[in-house]
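What's counted below: heavy atoms across the whole structure, side chains too, no hydrogens, waters or symmetry copies. All residue numbers refer to positions in the sequence shown, counting from 1.
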Amino acid sequence: MSIIQKILLRIPTPLRYTVMLQGLGFLKIPLIFAIRPNIIRLDDKQCVLKIAFRRRVKNHLNSIYFGALAIAAECAGGIAVMKEIMDSGEKVSLVFSHFEAKFLKRVEGDAYFTCNNIPELKEFVNKVVVSGEREELPFEVVATCPDKFGDEPVALFSVTVSLKRH
């Protein structure tokens, strides 16, 4: 194990993956960098991602723009899949093949995106690594705005991830 790997393992998981996600945004996907997502929790059961309510993500109605909500929903599941791919040690390509959203309320505060499908995503990555074939799996993401609505969902997302081992 290299010195860099040893250092990375000492950084708490949410911070480590926040830095990785924002680095990916800075280097490859500027829209991710623009919304500055933060990983609040990432473990074997759940991924929780937060985007702060600030000028950069607002629309003309003073709520979070639906594009920023969609990016965050994709990232909430995507970072969990990326973690599982990295843990597998295999080279696996990741793309999103389907996206559905249902917006229930205007988001006028910090937004939290929760993906509870982590066990299924982990099993899915293992299946792709073994089969070598392109596979797809839908997962759900729930957005909440605790400052305004507590645990009540403000948006629901269904995202399908498509993976293939190189």
Side-chain angles (χ1 to χ4, degrees), residues 12-25 28-54 56-59 61 63-88 92-128 134-164:
T13 301
L15 178 59
R16 184 175 348 133
Y17 283 94
T18 294
V19 170
M20 288 174 53
L21 184 58
Q22 290 185 5
L24 174 69
K28 302 273 186 184
I29 309 169
L31 287 172
I32 292 175
F33 188 72
I35 68 166
R36 300 286 177 117
N38 289 304
I39 307 298
I40 304 300
R41 178 179 176 185
L42 180 57
D43 57 30
D44 291 338
K45 293 185 170 98
Q46 189 178 62
C47 178
V48 179
L49 180 141
K50 173 188 167 190
I51 57 172
F53 184 65
R54 59 180 180 205
R56 188 176 290 187
V57 298
K58 289 183 191 178
N59 63 19
L61 299 172
S63 62
I64 296 181
Y65 179 62
F66 84 96
L69 296 171
I71 292 167
E74 181 185 84
C75 289
I79 196 70
V81 173
M82 285 175 50
K83 177 186 180 299
E84 297 306 330
I85 290 170
M86 289 170 43
D87 289 350
S88 78
V92 177
S93 63
L94 178 156
V95 295
F96 296 98
S97 61
H98 188 75
F99 184 90
E100 288 183 34
K102 185 172 184 179
F103 301 101
L104 307 170
K105 297 180 183 285
R106 287 180 24 184
V107 183
E108 299 171 328
D110 293 349
Y112 292 80
F113 298 80
T114 304
C115 178
N116 292 313
N117 301 96
I118 307 305
E120 293 90 352
L121 292 171
K122 184 174 189 161
E123 186 177 309
F124 176 63
V125 170
N126 291 334
K127 177 182 173 186
V128 169
R134 178 159 301 281
E135 305 275 351
E136 293 186 344
L137 179 76
F139 61 87
E140 306 298 320
V141 176
V142 177
T144 58
C145 182
D147 296 345
K148 299 280 184 181
F149 304 108
D151 290 337
E152 186 178 349
V154 293
L156 304 171
F157 302 91
S158 176
V159 184
T160 301
V161 67
S162 179
L163 301 180
K164 183 174 183 190

Practice item. Classify the ring geometry between Phe99 and Phe157 as parallel (under 30°), tilted (30 to 60°) or perpendicular (over 60°). Key: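 Phe99 and Phe157: tilted rings.
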Exercise for review: Report the C-alpha separation of Phe66 and Asn59 in whole Å, then their side-chain angles, then the decisive distance to 0.1 Å, and conclude whether the side-chain contact (heavy atoms from CB on, under 4.5 Å) test is met.
Suggested key: CA-CA 8 Å; Phe66 84 96; Asn59 63 19; over 6 Å; no
Of the non-hydrogen atoms in [X] and [Y], which two are nearest, and what is the gap between them?
{"X": "Lys58", "Y": "Arg54", "answer": "CG-O, 3.3 Å"}
{"X": "Gly78", "Y": "Leu94", "answer": "O-CD1, 4.2 Å"}
{"X": "Leu121", "Y": "Ala80", "answer": "CD1-CB, 4.2 Å"}
{"X": "Leu163", "Y": "Phe124", "answer": "CD1-CE2, 3.4 Å"}
{"X": "Cys75", "Y": "Leu49", "answer": "CB-CD1, 3.8 Å"}
{"X": "Phe139", "Y": "Ala73", "answer": "CE1-O, 4.5 Å"}

Side chains of [X] and [Y], heavy atoms from C-beta outward: is any pair under 4.5 Å?
{"X": "Phe53", "Y": "Lys148", "value": "no"}
{"X": "Pro37", "Y": "Ile32", "value": "yes"}
{"X": "Val95", "Y": "Arg134", "value": "yes"}
{"X": "Glu140", "Y": "Leu156", "value": "no"}
{"X": "Asp43", "Y": "Ile118", "value": "no"}
{"X": "Arg16", "Y": "Thr13", "value": "yes"}
{"X": "Glu84", "Y": "Asp87", "value": "yes"}
{"X": "Arg56", "Y": "Arg36", "value": "yes"}

Distance in Å, [X] [atom1] paired with [Y] [atom2], rounded so as to fall on 0.5 Å steps:
{"X": "Ile35", "Y": "Leu69", "atom1": "CD1", "atom2": "CG", "value": "8.5 Å"}
{"X": "Asn117", "Y": "Glu123", "atom1": "CG", "atom2": "CD", "value": "12.0 Å"}
{"X": "Thr160", "Y": "Glu136", "atom1": "OG1", "atom2": "CD", "value": "6.5 Å"}
{"X": "Asp147", "Y": "Thr144", "atom1": "CG", "atom2": "OG1", "value": "9.5 Å"}
{"X": "Leu42", "Y": "Lys83", "atom1": "CG", "atom2": "NZ", "value": "5.5 Å"}

Review point. Can Leu137 and Glu135 be said to form a side-chain contact (heavy atoms from CB on, under 4.5 Å), step by step?
Key: CA-CA 7 Å; Leu137 179 76; Glu135 305 275 351; over 6 Å; no
**Study point:** Option from Leu24, Thr18, Leu21 for which side-chain contact (heavy atoms from CB on, under 4.5 Å) with Ile79 holds
**Key:**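 Output: one option passes, namely Leu21.
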Exercise for review: List the steps, then state whether side-chain contact (heavy atoms from CB on, under 4.5 Å) holds for Glu108 with Cys145.
Suggested key: CA-CA 8 Å; Glu108 299 171 328; Cys145 182; 5.8 Å; no
Review point. What's the verdict on side-chain contact (heavy atoms from CB on, under 4.5 Å) for Val141 and Glu74, showing C-alpha distance, side-chain angles and the deciding distance?
Key: CA-CA 8 Å; Val141 176; Glu74 181 185 84; over 6 Å; no
